[in-house]
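The next block holds one structure in the form of structure tokens; read it before the comments.
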Amino acid sequence: QVHLVESGGGSVQAGGSLRLSCVASGETHSMYCMGWFRQAPGKEREGVATVHTNGDSTTYADSVKGRFTISQDNAKNTLYLQMNNLKPEDTAMYYCAATGLSCNGPVWDSQYRYPYWGRGTQVAVSS
């Protein structure tokens, strides 16, 4: 089992920045991929960014490329999402997820590949 806890959400104005954190505990050694997903009100949950735990692959949604950066500190079992130049359309609940499967290629954002999820942290961006 893997336990994930997100933090760092908040309310910012458009153009601002936030850094989300996700601390993992439990059988983290068995995880191959960790990532961030988000769900806006009335919309389906979507993939934001993923990274292999060995650092050899990162994937981003087109909507966040050039603005968001995913990173990890394996010594601290912590995943980060640096979000810059935030837009109102980035408003959502952001979730951390983990899987023992690969997360590159066309299925990188398939939620069914991620058995472990945090409870989320809310991000609100005002115009």
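If you're wondering where the values come from, they're calculated on a predicted model, not measured in any experiment. Numbers here are sequence positions counted from 1.
Just one of V2, L79, T99 meets the side-chain contact (heavy atoms from CB on, under 4.5 Å) condition when paired with M34; it is L79. A side-chain contact (heavy atoms from CB on, under 4.5 Å) with T58 holds for exactly one of T50, T69, I70, N104; it is I70.
Cluster annotation: L4 and V23 are assigned to distinct hydrophobic clusters (Ile/Leu/Val/Met/Phe/Trp/Tyr, side-chain heavy-atom contacts under 4.5 Å, transitive). Residues V12 and V64 are members of one and the same hydrophobic cluster, defined by side-chain heavy-atom contacts under 4.5 angstrom among Ile, Leu, Val, Met, Phe, Trp and Tyr. In the hydrophobic clustering of this structure, L86 groups with L20; members are Ile, Leu, Val, Met, Phe, Trp, Tyr whose side-chain heavy atoms approach within less than 4.5 Å, directly or through other members. If you chain together hydrophobic residues whose side chains sit under 4.5 Å apart, Y80 and M31 never meet in one group. Residues V51 and M83 fall within the same hydrophobic cluster, defined by Ile, Leu, Val, Met, Phe, Trp and Tyr side chains chained together at heavy-atom separations under 4.5 Å.
Side-chain atoms of Y94 and V48, non-hydrogen and from C-beta on, do get closer than 4.5 Å to each other. Looking at C96 and R119, their side chains never come closer than 4.5 Å, going by heavy atoms from C-beta outward. Residues R113 and W108 are not in side-chain contact: their nearest non-hydrogen atoms beyond the backbone lie 4.5 Å or more apart.
Heavy atoms only, all atoms of each residue included: S102 and H52 are closest at OG-NE2, 3.2 Å.
In this structure, the side chain of T121 does not engage the main chain of E6 through any donor-acceptor pair within 3.5 Å.
Outside the 6.0 Å centre-distance limit, the rings of W36 and F68 are not counted as a close aromatic pair.
For the 3.5 Å distance criterion, the side chains of N84 and Q82 qualify, holding a donor opposite an acceptor.
Annotation: the span from Q39 atom CD to Q111 atom CD amounts to 7.5 Å, rounded to 0.5 Å.
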